[in-house]
Protein chains: 2
Amino acid sequence: MSEMLYTIKDVSDRTGISPHTLRFYDKEGLLPFLRKSPHGTRLFSEEDFESLFTITCLKKSGMSLHKIRDFMQLYAKGVETLPERQYMFEEHRKEILARMKELEEMLNIVNYKCWYFAEARLRNDPDFYKKLSAEEMPPQMIEFMSKVQNFKQAIDSGEPHDSV
Amino acid sequence: MSEMLYTIKDVSDRTGISPHTLRFYDKEGLLPFLRKSPHGTRLFSEEDFESLFTITCLKKSGMSLHKIRDFMQLYAKGVETLPERQYMFEEHRKEILARMKELEEMLNIVNYKCWYFAEARLRNDPDFYKKLSAEEMPPQMIEFMSKVQNFKQAIDSGEPHDSV
DNA sequence: CCTTGACTTAGAGTATTCTCTAAGGTCTAT
DNA sequence: ATAGACCTTAGAGAATACTCTAAGTCAAGG
């Protein structure tokens with residue numbers, strides 16, 4: 001059985017990555033594994049799909065094309081770059097976890113805001129929250145307010161200006 | 001007690017948002033609540049910090065400045081836009097949840113890759129995975145391989161080209 | 001044979017989110 | 001009054017990740 005090779009169009013149809021983008025990735029050095037036909041046509045092998053899959057995963061998880069290129073270049077160099085590649089992935093893993101934590105925090109804020117909008121509509125009063133006693137405030141509101149305080153007092157050594 | 005007002009520099013020092021960026025946000029319509037002094041100096045009130053906090057949260061959670069502007073414009077219009085603002089936040093909440101789910105999936109892939117690199121170094125063989133029997137493969141590897149298959153066969157009606 | 005369509009290259013254009021520069025006005029302290 | 005720090009505006013430049021255009025090559029189908 002001869003090796004099956006795919007054209008840029010085949011790959012585009014299968015992966016949903018446009019031929020334009022594939023050529024762009026190639027130009028940027030993200031596809032060092034790529035072979036070319038005698039007249040320069042890009043040829044993708046069965047194995048290359050795994051690399052393309054890895055590229056889309058790294059991208060979706062927030063890695064820049066620049067870093068992805070660095071990784072793919074190491075990959076192309078072979079086994080002796082395994083330690084570097086491992087390090088890159090360990091670091092990237094930490095970044096994903098940090099991003100997930102940040103998103104979770106932001107979700108809390110947005111959840112509070114959703115509650116606020118529902119409540120404000122119910123009462124037909126956007127300022128209702130200012131009139132709540134400490135006992136009436138739900139915990140997420142207290143949390144939100146304390147976060148606003150933190151945000152506002154990052155550096156609190158200077159006196160605010162009086163006036164107008 | 002007269003109202004306390006803050007200059008762009010004060011706000012920058014407290015929030016870490018550069019004066020440049022604050023002016024840029026103003027120019028783009030993200031700060032419709034802003035007042036100006038007789039000679040045009042931007043003046044921020046105590047309350048405006050909450051709006052700035054909301055802006056940074058929306059940004060960190062992936063909302064575009066364009067959408068944030070739309071939201072702030074609605075906010076400036078007052079109580080009658082509460083339903084629209086509520087809708088925007090409900091939708092944004094869904095987007096955050098979708099993004100979190102995607103990140104979690106990507107984390108699984110990256111976790112698998114971390115395992116792969118550790119194992120490949122241990123065995124000093126980047127191709128060890130090809131030699132594993134079905135029983136020897138950890139579940140995350142089987143999952144990874146099935147995802148690569150899905151990725152590659154998005155549209156599997158066309159025959160691959162033979163050759164070279 | 002000629003059209004169609006996929007491929008090639010180099011390079012320009014787009015959207016987003018800043019980031020900086022230039023040119024100039026105003027305020028405060030010495 | 002003059003320096004220095006702050007403010008204003010308009011607009012250029014940068015990084016990222018495409019996205020498209022132009023100009024041209026090549027091979028297969030009618």
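Basis for what follows: all heavy atoms, side chains included, without hydrogens, waters or symmetry-related copies. A note on names: the letters A, B, ... follow the listed sequences, proteins ahead of strands, and every chain is numbered from 1.
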Return all side-chain donor-acceptor pairs below 3.5 angstrom for residues 75-84 of chain B, not counting sequence neighbours, or 'none' if the list is empty.
{"residue": "B/Thr81", "atom": "OG1", "partner": "B/Leu74", "partner atom": "O", "Å": "2.6"}
{"residue": "B/Thr81", "atom": "OG1", "partner": "B/Gly78", "partner atom": "O", "Å": "2.9"}
{"residue": "B/Thr81", "atom": "OG1", "partner": "B/Arg85", "partner atom": "NE", "Å": "3.0"}
{"residue": "B/Thr81", "atom": "OG1", "partner": "B/Arg85", "partner atom": "NH2", "Å": "3.3"}

Exercise answer: donor-acceptor pairs, residues 130-138 of chain A side-chain atoms, under 3.5 Å, sequence neighbours excluded:
{"residue": "A/Lys130", "atom": "NZ", "partner": "B/Glu47", "partner atom": "OE2", "Å": "3.1"}
{"residue": "A/Lys131", "atom": "NZ", "partner": "A/Asp125", "partner atom": "OD2", "Å": "2.6"}
{"residue": "A/Ser133", "atom": "OG", "partner": "A/Glu136", "partner atom": "OE1", "Å": "3.2"}
{"residue": "A/Glu136", "atom": "OE1", "partner": "A/Ser133", "partner atom": "N", "Å": "2.8"}

Give the table of side-chain donor-acceptor pairs shorter than 3.5 Å for residues 51-59 of chain A, with sequence neighbours excluded, one pair per line with atom names and distance.
{"residue": "A/Thr54", "atom": "OG1", "partner": "A/Glu50", "partner atom": "O", "Å": "3.0"}
{"residue": "A/Thr56", "atom": "OG1", "partner": "A/Phe53", "partner atom": "O", "Å": "2.8"}

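Straight-line distance from the CD1 atom of B/Ile68 to the P atom of C/dT16: 12 Å, rounded to whole Å. Note: CG (B/Leu58) to C1' (C/dT16) measures 17 Å, nearest angstrom.
Scored by the ring pair (Phe, Tyr, Trp, His ring centres under 6.0 Å) test, A/Phe44 finds no partners at all (sequence neighbours excluded). With sequence neighbours excluded, no residue satisfies salt bridge (Lys or Arg N to Asp or Glu O under 4.0 Å) with A/Glu105.
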* Structure fact -> Nucleotide by nucleotide, nucleotides 7-24 of chain D touches protein heavy atoms under 4.0 Å in the pattern (B base, S sugar-phosphate only, - none) SBB-------SBBBB---
